Enquirer: 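Shown below is the structure under consideration.
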Protein chains: 2
Amino acid sequence: MNDDLATRLREQGLRLTPQRQLILRAVVELRHATPDEVLAHVRSQVSSVNASTVYRTLEVLEELGLVRHTHLSDRAPTYHSALEHEHVHVVCRRCQKVRSYDPAVVQPVVDALAADGFVVDVGHLAIFGECADCGSAGT
Amino acid sequence: MNDDLATRLREQGLRLTPQRQLILRAVVELRHATPDEVLAHVRSQVSSVNASTVYRTLEVLEELGLVRHTHLSDRAPTYHSALEHEHVHVVCRRCQKVRSYDPAVVQPVVDALAADGFVVDVGHLAIFGECADCGSAGT
DNA sequence: CTGAGTGCAAAGGGTTTGCAACGAC
DNA sequence: GTCGTTGCAAACCCTTTGCACTCAG
């Protein structure tokens with residue numbers, strides 16, 4: 001993963017910095033994290049990394065195809081490693097729990113839209129609703 | 001629609017105010033609008049309506065089931081009338097164009113998740129990707 | 001040694017909140 | 001008259017930006 005980073009950065013004439021390594025590592029380790037959480041994680045290891053660096057780096061990493069983001073809440077976006085299997089996020093609005101599903105679950109939709117020439121970005125997809133636990137429990 | 005508003009407000013012991021009527025009307029008329037756009041629209045008719053009133057009112061209207069919101073961009077949410085047919089939003093990340101689809105297109109997904117007891121909020125769903133126009137045009 | 005990358009502080013969008021005045025019922 | 005609602009201003013969260021300094025290559 002660090003090799004990927006070095007390689008892809010070099011391809012773009014960009015530089016490998018300790019911050020970029022740490023931030024990528026944080027995203028991988030945290031699995032699903034907001035910029036803020038990434039910042040906290042990185043800071044727990046090395047003090048003095050700046051929030052703006054986190055934002056700028058996440059943007060770079062996303063352009064390099066190393067991380068991805070989705071919106072799992074009405075607030076900050078959530079980043080995850082692009083090296084994981086691609087997955088669809090299913091979010092319970094009541095308990096906030098996030099479940100990952102195999103992209104196969106949305107394949108029919110992808111196919112249906114493909115018929116119109118639309119290419120779905122499956123990794124970005126977040127499906128909201130109410131999970132079994134919350135639904136059965138009533139209001 | 002105004003009747004709905006009056007009725008539902010009364011049911012909750014809430015009050016019918018001119019602002020609430022104007023804001024609901026704005027959402028209906030604009031079809032897809034951010035809080036900001038709603039504010040601008042309302043102000044074009046009556047001066048002096050406050051942004052916080054718009055936010056508070058949209059929240060109330062959503063609780064009453066009269067409006068709905070989705071996230072069609074990384075910025076402000078988009079509100080629309082809940083009285084329209086429920087629809088799924090398909091958004092092109094490149095040209096930003098938003099297309100509405102019949103919920104039938106996602107029925108297989110809804111069914112698949114229902115098997116796990118998860119109830120999908122179809123109206124909130126936004127599917128991102130690249131549309132035919134942008135895809136064929138190349139990078 | 002040069003320019004990409006960083007930290008810092010300030011500004012920016014969007015949203016929320018406390019509070020006094022207002023007005024629907 | 002009461003209490004839900006509004007306007008206003010300030011605060012808030014999240015993110016972006018300008019700039020001087022730093023350090024990867």
Side-chain angles (χ1 to χ4, degrees), chain A residues 2-3 5-27 32-43 45-64 66-67 69-79, chain B residues 2-3 5-24 26-27 32-43 45-64 66-67 69-79 96:
Chain A
N2 236 305
D3 294 346
L5 178 57
T7 308
R8 305 210 193 181
L9 283 170
R10 209 172 302 125
E11 286 171 0
Q12 307 297 318
L14 302 177
R15 294 175 183 174
L16 179 62
T17 66
Q19 288 89 335
R20 285 177 174 172
Q21 300 182 65
L22 286 164
I23 291 168
L24 177 54
R25 271 240 320 263
V27 172
H32 284 108
T34 60
D36 223 53
E37 292 163 345
V38 170
L39 179 60
H41 188 79
V42 170
R43 278 195 172 149
Q45 307 176 333
V46 181
S47 49
S48 95
V49 171
N50 198 269
S52 40
T53 300
V54 171
Y55 286 107
R56 289 190 275 228
T57 300
L58 288 173
E59 197 180 333
V60 170
L61 296 179
E62 189 150 28
E63 276 162 13
L64 295 180
L66 295 171
V67 307
H69 83 274
T70 351
H71 299 274
L72 303 184
S73 79
D74 285 1
R75 300 203 158 266
T78 301
Y79 285 81
Chain B
N2 236 305
D3 293 346
L5 179 56
T7 309
R8 303 210 195 180
L9 283 170
R10 210 172 302 124
E11 286 171 359
Q12 307 296 317
L14 301 176
R15 292 173 185 174
L16 180 62
T17 66
Q19 287 90 333
R20 285 178 175 171
Q21 300 182 66
L22 285 165
I23 291 168
L24 176 55
V27 171
H32 282 110
T34 60
D36 224 52
E37 292 163 345
V38 169
L39 179 60
H41 189 80
V42 171
R43 278 194 172 149
Q45 307 176 332
V46 181
S47 50
S48 96
V49 171
N50 198 267
S52 42
T53 300
V54 171
Y55 286 108
R56 288 190 276 229
T57 300
L58 288 172
E59 197 181 333
V60 170
L61 295 179
E62 190 150 29
E63 276 161 15
L64 297 180
L66 295 171
V67 307
H69 83 275
T70 352
H71 299 273
L72 302 184
S73 79
D74 285 1
R75 298 203 159 267
T78 300
Y79 285 80
Q96 309 300 326

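Below, chains carry the letters A, B, ... as their sequence lines are ordered, and counting in each starts from 1. Quick caveat, the model's predicted, so the values are computed rather than measured.
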Enquirer: Take the protein atom CD of Q21(B) and the nucleotide atom C1' of dG23(C), then report the distance between them rounded to whole Å.
Expert: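 Taking atom C1' of dG23(C) as the reference, CD of Q21(B) is at 14 Å.
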Enquirer: Would you indicate whether the side-chain heavy atoms of H69(B) and T78(B) approach each other to under 4.5 Å?
Expert: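 The answer is no; the side chains never approach within 4.5 Å.
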Enquirer: Measure distances between side-chain N and O atoms of R75(A) and base N and O atoms of dC14(D), and say whether any donor-acceptor pair falls under 3.5 Å.
Expert: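 Side chain to base: no pair below 3.5 Å.
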Enquirer: Please state how far atom CZ in R8(B) lies from atom C1' in dG4(D), giving the value in whole angstrom units.
Expert: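 Checked: the CZ to C1' distance equals 20 Å.
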Enquirer: For A51(B) and for G13(B), find the nucleotide of DNA chain D with the closest heavy atom, then tell me which residue's nucleotide is more 5'.
Expert: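 Final value for this comparison: G13(B).
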Enquirer: So if I take every side-chain heavy atom of R20(B) and compare against dA4(C), dT5(D), dA9(C), which nucleotide ends up nearest?
Expert: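 The listed nucleotide nearest to R20(B)'s side chain is dT5(D).
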Enquirer: Ignoring hydrogens and geometry beyond distance, is the side chain of T17(A) in donor-acceptor contact with the base of dC23(D) at under 3.5 Å?
Expert: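 Counting by modelled atom types and ignoring angles, no donor-acceptor contact under 3.5 Å is found here.
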Enquirer: Between T57(A) and N50(B), which has a closest nucleotide on DNA chain C that is more 5'?
Expert: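 Looking at DNA chain C, the more 5' nearest nucleotide goes with T57(A).
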Enquirer: What is the distance from CG of L58(A) to P of dG5(C), rounded to the nearest Å?
Expert: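 About 15 Å, once rounded to whole Å.
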Enquirer: Given the rule in the side chain to side chain donor-acceptor pair (under 3.5 Å) test, do N50(B) and S52(B) qualify, once you have shown the distances and angles that lead to the verdict?
Expert: CA-CA 5 Å; N50(B) 198 267; S52(B) 42; 2.6 Å; yes
Enquirer: What is the distance from CG of D36(B) to P of dG12(C), rounded to the nearest Å?
Expert: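 So the two atoms are 16 Å apart, to the nearest Å.
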Enquirer: What's the shortest heavy-atom distance between R20(B) and T57(B), and which atoms?
Expert: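 Smallest interatomic distance, heavy atoms only, reads CG-CG2, 3.9 Å.
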Enquirer: Choosing from dG14(C), dC25(C), dG7(D), which nucleotide comes nearest the side chain of V49(B)?
Expert: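 For the V49(B) side chain, the nearest candidate turns out to be dG7(D).
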Enquirer: Measure from CD on E63(B) to P on dT5(D) and round the result to the nearest Å.
Expert: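 One finds 11 Å between P of dT5(D) and CD of E63(B), rounded.
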Enquirer: What is the separation between atom CG on L61(B) and atom C1' on dT5(D), rounded to the nearest whole Å?
Expert: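 From L61(B) CG to dT5(D) C1': 13 Å.
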Enquirer: Measure from the side chain of L14(B), starting at C-beta and using heavy atoms only, and say which of dG5(C), dC14(D), dG4(D) lies closest.
Expert: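 For L14(B), the side-chain atoms sit closest to dG4(D).
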Enquirer: Atom CD of E62(A) to atom P of dT15(D): distance rounded to whole Å?
Expert: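 These atoms are roughly 12 Å apart.
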Enquirer: Does a side-chain N or O of Y55(A) approach OP1 or OP2 of dT15(D) to a distance below 4.0 Å, or not?
Expert: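 Yes, Y55(A) has a side-chain N/O under 4.0 Å of OP1/OP2 on dT15(D).
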Enquirer: Can you see if the side chain of S52(B) gets near the phosphate of dG7(D) - specifically, an N or O under 4.0 Å from OP1 or OP2?
Expert: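 No.
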Enquirer: What contact category does T34(B) fall into here, base, sugar-phosphate, or nothing, at under 4.0 angstrom with non-hydrogen atoms?
Expert: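 No contact.
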Enquirer: To check you understand the geometry: which heavy-atom pair defines the closest contact between L9(A) and R15(A), and what is its length?
Expert: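 Closest approach of L9(A) to R15(A), heavy atoms only: CD1-O, 3.5 Å.
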Enquirer: Give a yes/no answer on whether the side chain of Q19(A) brings an N or O atom under 4.0 Å of OP1 or OP2 in dC23(D).
Expert: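 False: Q19(A) side-chain N/O out of range (4.0 Å or more) of dC23(D) OP1/OP2.
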Enquirer: State, yes or no, whether a side-chain contact exists between P35(A) and L58(A) at a heavy-atom distance under 4.5 Å.
Expert: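 Yes - at least one pair of side-chain heavy atoms lies under 4.5 Å apart.
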Enquirer: Heavy atoms only, 4.0 Å cut-off, all strands: where does R56(B) land among base, sugar-phosphate and nothing?
Expert: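 Base, at least one base atom sits under 4.0 Å.
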Enquirer: On DNA chain C, compare the nucleotides closest to P35(B) and R15(B); which residue's is nearer the 5' end?
Expert: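 Counting from the 5' end, the first nearest nucleotide belongs to P35(B).
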Enquirer: I need the CG-P distance between D74(A) and dT15(C), as an integer number of Å.
Expert: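 Distance, rounded to whole Å: 10 Å.
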Enquirer: Are side-chain heavy atoms of T53(A) and I23(A) found at a separation under 4.5 Å?
Expert: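 Touching, per the 4.5 Å side-chain cut-off.
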